[in-house]
Amino acid sequence: MPNSEQHKSFIPSGISSKRPWITFGVILSLAIVAAAAAAIAALMEWHRPTMLISAAILSVATLAASAGLLYFQFTVQRNADRTLHDVKTRIRDIVDSAMDAIITIDHQQRIVMFNNAAENVFRWPSHAVIGKPLDILLPKRFSTLHGQHVQQFGKTGVTSRRMGVAAVLTGLRANGEEFPVEASISQFGEGERKLYTVILRDVTLRVQAETELRQSKQELHELAAAANQLREHEQRRIARELHDELAQALTGLKMDIGWIKNKLPEATPPIIDKLKSMEHLLDNTVAATRRISSALRPMMLDDLGLVPAIEWLVQNFIQHTGIRCELAIASAKLDLQDPEATTVYRILQESLTNIAKHAKASSVEITLAHSQGEIAIGVRDNGVGFLFESPRKLSSYGLIGLRERAYILGGKVQIESAPGKGTYIEVRLPLAGGSE
Amino acid sequence: MIRVVIADDHPIVRAGLKQLLAGPDFSIVGEACDGQEVMQRVRELHFDVLLLDMSMPKKSGMELIKQVKSEKPKLRVLVLSMHEEQQYAVRAIKAGASGYLTKESASDLLIQAIRKVAAGGAFISPAVAEQLALAVMPEAGGLPHKTLSDREYQVLQLLVAGKSVTDIAQQLNLSVKTISTHKARLLEKMGMTSTTELVRYAITHRLVDDANTGA
């Protein structure tokens, strides 16, 4: 590598070290001229010893002055050299102490500087890479492209910019291992003297953490989906047990009481009254059992399908809240299968519960439409609405649950709301089976 | 004497029903506790009224009613159910049942109901009757516009009168989306794809005058 020595000292070398010698030469010549002048004078007027003495004194003085000057020059030079060395060392130390790898390359993309962090990251000692092309630090498949990018950057004239904004870059270690890199590049100088400095960081841990976070989020979603399914399953089972076993048994009991009542002689009014109050109590208990059962999960959803269940839900909502509610279903084909049917039902149920709890609405409109392999559920109310900025509202409005339900089926939730403007919730669910 | 088969998977309910029907007017000729047994009784026994629980194992209530009616069209089916929701009653009647009774009203109404059904009548609660009047009876008329709900018919009239979906939404104080959803449904029910077809139908069936006075 013919250039390597030159590149190694890329920091400018500064003051010339030849100047003191020139100065010394000039003074020495002056001293010799003075001594010569004194010698000539002495020869011409040899009988006058005073002249000789003054000439000798003059030349000695000149010599002494030049020696002094020379010493002064040397001191200055030594200090300057020391300062320069200090500055170089300090820059070197700063560059080496940096946490990030710093690599400088020349206009031919040869490495001219490689700091400690770069040695650690790439596992190359700096002496092994100085003068080598930058390619050795990149996986083969990227090297051409990267070279072009650097050249292009050189042409832009921008001082610095981040590299690989869109994607994480990849570096190559001495042992052939690839790793993700986040880097920025800067440039200075012109033409052949142009230098590029790349500052980069090994982001293996960060990328790993991000991947883990993504995975853990995904797992959380899956867990929520499984929990939801399990809860739905349990609710269905308990609802059916309540309705089919408990309520039926209570009804049987009521028939028995009716039978006793009929068998009793007329003249036992207190007993008959007691039996009547028992019948009444049983009726209330059956009604309560039904209510609890259908609150858990309406059997209608399984027995009759989604549309009747929604109609029943809306009827119930109107009865209990007195809020006008218009249900528009675009197609009879909307009798979906599970899991879509349950999801649509629960989304509507949760939306209506939210409206009853928070919206202070006087009118609700529900639309269900079906197009191009997806189902669109729209719920609009004319209530108080809310501000979107507060994320707490989202949770307190049960909207997170809504999103979670939609997410499980790959659906999307869109919410429009503003204070005083009511709320519009639209959920779009893809239909897996394409029940068209 | 009315011959009855009791089909219910709950012994306590069957026992209760038998007690209620004890007497010279009724004869319990058989019992069944799942859908399969019901079909067996229907095939092997001769009787007048099937007292049928809607939710028994092995076969759903609606299917069972349809199957019974297809094999023995003259057999009267009285549904006795834990479900008080009208939606069940309406569907049971549509499937071919002659009456629908909730179990807790059995002790008061069962005898009356069986007599009525056996005599060829129908037994339904007033609430269910109202629902049926809206949902079931018009369908017998055969004309598609009679299957529309009140709201759908209203939208049809306004569409035929030349109003746009936006106009209708404004007039009924509903959103455009709701009205267009109603429109999609009523077109589907009518078996049509456009308002033009709807207008032609309205003229043929003299719905236009209604529309003009209604609008």
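Protein chains get the first letters and strands the later ones, always in sequence-line order, with residue 1 at the start of each.
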Mark yes when over 12 heavy atoms from residues, nucleotides or ligands other than B:M39 sit less than 6.0 Å from its CE; otherwise mark no.
yes
Can you confirm whether more than 12 heavy atoms, excluding those of A:Q229, are under 6.0 Å from its CD atom?
no
Hey, is NZ on B:K66 packed in by over 12 heavy atoms from elsewhere, all under 6.0 Å?
no
Residue part contacting chain B, namely of A:I257, when any heavy atom lies under 4.5 Å
neither
So how far is it from A:Y424 OH to B:K177 NZ, rounded to the nearest 0.5 Å?
4.0 Å
Heavy-atom cut-off 4.5 Å, strictly under: side chain, backbone, both or neither for A:D256 against chain B?
both
For A:L368, is it the side chain, the backbone, both, or neither that has a heavy atom closer than 4.5 Å to a heavy atom of chain B?
backbone
Lys/Arg N to Asp/Glu carboxylate O, A:R290 vs B:E84, below 4.0 Å
yes
Compare every heavy atom of A:E279 with every heavy atom of B:S107, then report the nearest pair and how far apart it is.
OG-OE2, 4.4 Å
Checked A:N262, A:D283, A:D303 vs chain B; the most non-hydrogen pairs under 4.5 Å come from A:D303
Would you give the length of the straight line joining atom OG1 of B:T178 to atom CD1 of A:I366, rounded to the nearest 0.5 angstrom?
9.5 Å
Ignoring hydrogens, what is the shortest heavy-atom contact between A:K254 and B:S105? Give both atom names and the distance.
NZ-N, 4.5 Å
Side chain, backbone, both or neither: which part of B:Q19 has an atom under 4.5 Å from a heavy atom of chain A?
both
Tell me whether B:K103 contacts the main-chain N or O of A:T251 through its side chain, where contact means a donor paired with an acceptor under 3.5 Å.
no
Would B:K18 and A:W259 count as a side chain to side chain contact (heavy atoms under 4.5 Å, CB included) here? Give the steps.
CA-CA 10 Å; B:K18 275 195 277 188; A:W259 181 81; over 6 Å; no
Look at A:I329, A:L250, A:D244, A:N382 and state which one has the largest set of heavy-atom pairs under 4.5 Å with chain B.
A:I329
Could you give the distance from CE (B:M82) to OG1 (A:T289), rounded to the nearest 0.5 Å?
7.5 Å
Non-hydrogen atoms of chain A under 4.5 Å away: do they reach the side chain of B:H182, the backbone, both or neither?
both
Check the surroundings of atom CD in B:Q40: do more than 12 heavy atoms from other residues, nucleotides or ligands lie under 6.0 Å from it?
yes
In Å, rounded to the nearest 0.5 Å, how long is the span from CE of A:M300 to CD of B:E85?
4.0 Å
Does any backbone or side-chain atom of B:R151 lie under 4.5 Å from a heavy atom of chain A? Answer side chain, backbone, both or neither.
side chain
Heavy-atom closest pair (B:N173 atom, A:R324 atom, distance to 0.1 Å) is O-NH2, 2.7 Å
Counting distance only, does the side-chain N/O of A:E365 pair as donor-acceptor with the main-chain N or O of B:S175 below 3.5 Å?
yes
Counting heavy-atom pairs closer than 4.5 Å to chain A, which one of B:L20, B:V13, B:L174 comes out on top?
B:L174
So how far is it from A:M255 CE to B:I12 CD1, rounded to the nearest 0.5 Å?
9.0 Å
Specify the closest pair of heavy atoms between B:R91 and A:P308, including all atoms of both residues, with the distance to one decimal.
NH2-CG, 3.1 Å
Side chain from CB out, backbone as N, CA, C, O: work out which of these in A:Q248 comes under 4.5 Å of a heavy atom of chain B, or both, or neither.
both
Side-chain (B:H10) to main-chain (A:G252) donor-acceptor, under 3.5 angstrom:
no
Go through the atoms of B:L187 and report whether side chain, backbone, both or neither lie under 4.5 Å from a heavy atom of chain A.
neither
Can you tell me how far the CD atom of B:Q87 sits from the CD1 atom of A:I310, to the nearest 0.5 Å?
11.5 Å
Residue B:M62 versus chain A: region with a heavy atom under 4.5 Å
side chain
